[in-house]
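These notes are about the structure you will find just below.
FYI, side chains are in, hydrogens and waters are out, and symmetry mates aren't considered; it's all heavy atoms of this structure. In this text, all values refer to a predicted model and were calculated from it rather than measured experimentally.
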Amino acid sequence: MQLPLFQETHEPDHAALRRCARADVVALDIETETRWPGIGPKVDYGLSYAAAVTVIGLAWREGDHLVTTALAAPFDDAIRAFLTQLFSGQTLIVAHNAVFDLRQLSKLTGGLTPERIWDTQSMARLLHPAIDVSYSLLGVATMLGIPFPERQLEMKGQRTKLHLLPLETTLEYAQDDARLSLDIYERQRALPADPELVEWEIRALREYCHMTARGMRLNTPFVEQRLVELRGERETVAARLRADGLDTPGSSQARARYLYEQKGIPLPKWDPKSWFFTRAGRKRLQATPGARVELGDLSTGSHVIEAYLEEAKPYSEQLRDLAAYLEIDWLISALEGLIDHAAFDGRLHSLVSIATESGRRASSYPHMQNWKMPAMAGVAIGDEGFTLVEIDYSNAENVMAAYISGDDNLAAACRAEDFHSTMAVQYFGATWERADAAERKQLRNMSKKITYGTAYGMGAERLGESIGVAKAEAWRLIQAKDAAFAKVTRMRAAAQQQVRATNLLKLWTGRPVAVPTPFVAWNYLCQGGVSELLKRAIVVVSETYRAQGMRSRVALDMHDALILEVAHDEWDAALRLASDVMQHITPADQMERTNPPIRWIAQPNLHENQHKWGAEQTHPRGHL
């Protein structure tokens, strides 16, 4: 790629930087190189860890005056020293989507990130959540009634073309964003809020920034060999599919014809909530009531194929090769993307940030929370002398439902040796008692779908289709569940009513969440509740490791699990500490409201771990 022959320069204002370093609160905004240089991810290169920081905007208060300055690459030792000093003290660093900015700046500070961080984006979700709003910088400013210049809005449309603009224009843009971030912070600080919730958020932001700056090691030789094997496997499966009439298994249109014309699978009935339809298909069918479903409306992604492969479905044998092809193709794409993302230093610096109204975190650039185990086993590994270990909350969302509702029956089911069999007894009663082993296995599988499907709003018709029973029988099962777990039923109804009135709910921590429709109210309470559980566990485990001088750390947030990077010489102590924190992170008195009491189960399964996150790594002989 041809880069410019001459680089514009900008001399830093060192006097301003000395004053900035003395400020109590400093807002910053960065811009990155958006031109792909030939290595690293080609798509959205500017959002990857590999992208160089090109401009840094800074804003702070001097008395009543808001002051700004800007820095431009290349950054010499004096600028690196300034950033290190700024991040080393107790200065509160303010940024919008702070995890991204501080991940990129950590390359200039030797991996150092600030101790105290105020992310105006995540704080917007905490302090003034709302539905149908944008949490972009300008969106949050608009929510709070903070004006900004028209040029700032116009520049947002130029974000991927900053390299084509004069340097002074980009410097002004970064200062505008830093200034606006500081204005938002000051407005957010003035809002009524629970100081404990705010402090948890600040502590959590510190840990997420530590995580992403450190990253995780990519097992590059393993991945490269795995790609050779997978490409061969994909071609073998593709050859079988071509012989069966699917010439281009990578084409969604060809897959649709294969499924619904060649294999004769009936076209799905139109349902706006169904995952069988593409976004475009839903849009077309919603805009034209009564229109016939067409092949172009239908998704043929792996989730659809997996639904047809479910036990007792008549198409399962016919579609195994197609399912295998899609799985292999996904793996190849994922692994190729990871090699690109690790091009800078051989590590994966995934951004972990709050990305949903419920407070649940998501990872991006690269996405790591969608990793399928054991397919991705051995891809990421610990540093020398360390091993990755997963500790997950067993049955997290159902235990959360029992915890927040105080339902004794659900608490008892969660404490049972086999949760889904215990639930099946509630749903099927005498039918379960009369069933033989094979029938109980089928009823147990149905029980799982009833438990999870109805928890998230599945009605009788969809439930009946999912488990293969008539709508009337599905309705009876829903009623049986509601009767068996009466406190859950009442709390779910109350949550739905609250959403109808205010579009707001509060999680078990008191965190407010904006909820768009009553349909997802219970989902938000349970899923958001588990997110709060994980966030607090990450904070306490990380802080305790540091306080005890341990080198083990939390490496990744995985929705209902922590991925730890455990030092071999701390093996037992680090794992016991993390399990103990996770199991006791909620207030003890609240766990005793039910009979039996709520118990969070969070123990590492080291045998399974050797075939998942700990694959290709040493597992010391411990006593756990």
Side-chain angles (χ1 to χ4, degrees), residues 1 32-52 97 99-100 103-104 106-107 159-160 208 211-235 237-238 248-252 255 299-303 305-306 323-353 355 361-383 388 390 555-559 563 565 612-613 615-616:
M1 173 181 173
T32 57
E33 178 58 73
T34 56
R35 293 168 295 181
W36 182 60
I39 60 169
K42 190 170 184 179
V43 177
D44 289 336
Y45 174 74
L47 298 175
S48 72
Y49 180 75
N97 190 18
V99 179
F100 172 75
R103 179 189 69 170
Q104 303 307 109
S106 71
K107 294 189 292 181
R159 178 64 185 82
T160 60
Y208 293 133
M211 274 187 225
T212 193
R214 175 89 172 262
M216 299 166 70
R217 186 160 62 127
L218 181 69
N219 191 356
T220 303
F222 173 86
V223 171
E224 290 173 343
Q225 179 58 37
R226 188 77 181 107
L227 279 169
V228 172
E229 297 167 357
L230 287 168
R231 288 168 185 144
E233 292 174 18
R234 180 174 62 181
E235 180 51 36
V237 176
T248 52
S251 163
S252 59
R255 292 197 301 268
S299 170
T300 57
S302 58
H303 58 289
I305 308 305
E306 287 168 5
Y325 178 91
L326 292 175
E327 177 71 11
I328 296 168
D329 195 57
W330 175 86
L331 272 172
I332 291 172
S333 177
L335 294 179
E336 289 174 342
L338 293 176
I339 286 179
D340 285 343
H341 275 283
F344 183 81
D345 63 355
R347 302 179 74 83
L348 302 172
H349 298 266
S350 180
L351 294 170
V352 178
S353 56
R361 267 79 58 197
S363 71
S364 58
Y365 303 104
H367 191 359
M368 295 178 68
Q369 289 178 331
N370 66 343
W371 282 20
K372 302 173 184 177
M373 291 292 175
M376 298 290 283
V379 171
I381 54 176
D383 290 334
L388 300 179
E390 177 184 19
L556 189 64
D557 172 332
M558 282 293 289
H559 295 321
I563 308 303
E565 188 171 10
K612 297 170 71 176
W613 283 94
E616 301 289 313

Just by distance, do the side chain of [X] and the backbone of [Y] share a donor-acceptor pair under 3.5 Å?
X	Y	answer
Glu233	Tyr325	no
Trp330	Ala334	no
Ser350	Pro366	yes
Thr32	Gly46	yes
Ser106	Arg103	yes

task = List the steps, then state whether side-chain contact (heavy atoms from CB on, under 4.5 Å) holds for Trp371 with Ile563.
result = CA-CA 12 Å; Trp371 282 20; Ile563 308 303; over 6 Å; no
request  = Show your reasoning for whether side-chain contact (heavy atoms from CB on, under 4.5 Å) applies to Leu338 and Met376.
outcome  = CA-CA 11 Å; Leu338 293 176; Met376 298 290 283; 3.7 Å; yes
Mind checking the [atom1]-[atom2] spacing from [X] to [Y]? Nearest 0.5 Å is all I need.
X	Y	atom1	atom2	value
Met558	Asn370	CE	CG	8.0 Å
Leu230	Ile328	CG	CD1	6.5 Å
Glu229	Leu227	CD	CG	9.5 Å
Leu348	Asn219	CG	CG	10.5 Å
Leu351	Asn97	CG	CG	7.0 Å
Tyr45	Asp340	OH	CG	11.0 Å

ask   = Is the closest side-chain heavy-atom distance between Leu556 and Val352 below 4.5 Å?
value =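 Contact flag for Leu556/Val352 side chains = yes.
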query = Considering only heavy atoms from C-beta outward, does the side chain of Phe222 approach that of Ile381 to under 4.5 Å?
reply =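 SC-SC contact between Phe222 and Ile381 ruled out.
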Nearest heavy atoms of [X] and [Y], plus distance in Å:
X	Y	answer
Pro249	Ala238	CG-CB, 4.3 Å
Thr212	His349	O-ND1, 2.8 Å
Leu335	Val223	CB-CG1, 3.9 Å
His559	Gln369	CE1-OE1, 3.1 Å

ask   = Checking side-chain contact (heavy atoms from CB on, under 4.5 Å) for the pair Met373/Glu390: CA distance, chi angles, key distance, verdict?
value = CA-CA 11 Å; Met373 291 292 175; Glu390 177 184 19; 5.7 Å; no
query = With Arg255, which of Thr248, Leu326, Ile305 fulfils side-chain contact (heavy atoms from CB on, under 4.5 Å)?
reply =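 For Arg255, the side-chain contact (heavy atoms from CB on, under 4.5 Å) test succeeds with only one of Thr248, Leu326, Ile305, which is Leu326.
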task = Evaluate the side-chain contact (heavy atoms from CB on, under 4.5 Å) criterion for residues Lys612 and Leu388: first the C-alpha distance (whole Å), next the side-chain angles of each, then the deciding distance (0.1 Å), finally the verdict.
result = CA-CA 9 Å; Lys612 297 170 71 176; Leu388 300 179; over 6 Å; no
task = Give a yes-or-no answer on whether the side chains of Tyr49 and Arg347 include a donor-acceptor pair shorter than 3.5 Å.
result =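 Looking only at side-chain atoms, Arg347 and Tyr49 do not form any donor-acceptor pair under 3.5 Å.
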inquiry  = Can you tell whether the side chains of Glu565 and Arg217 come within less than 4.0 Å, N to carboxylate O?
reply    =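 Salt bridge: no.
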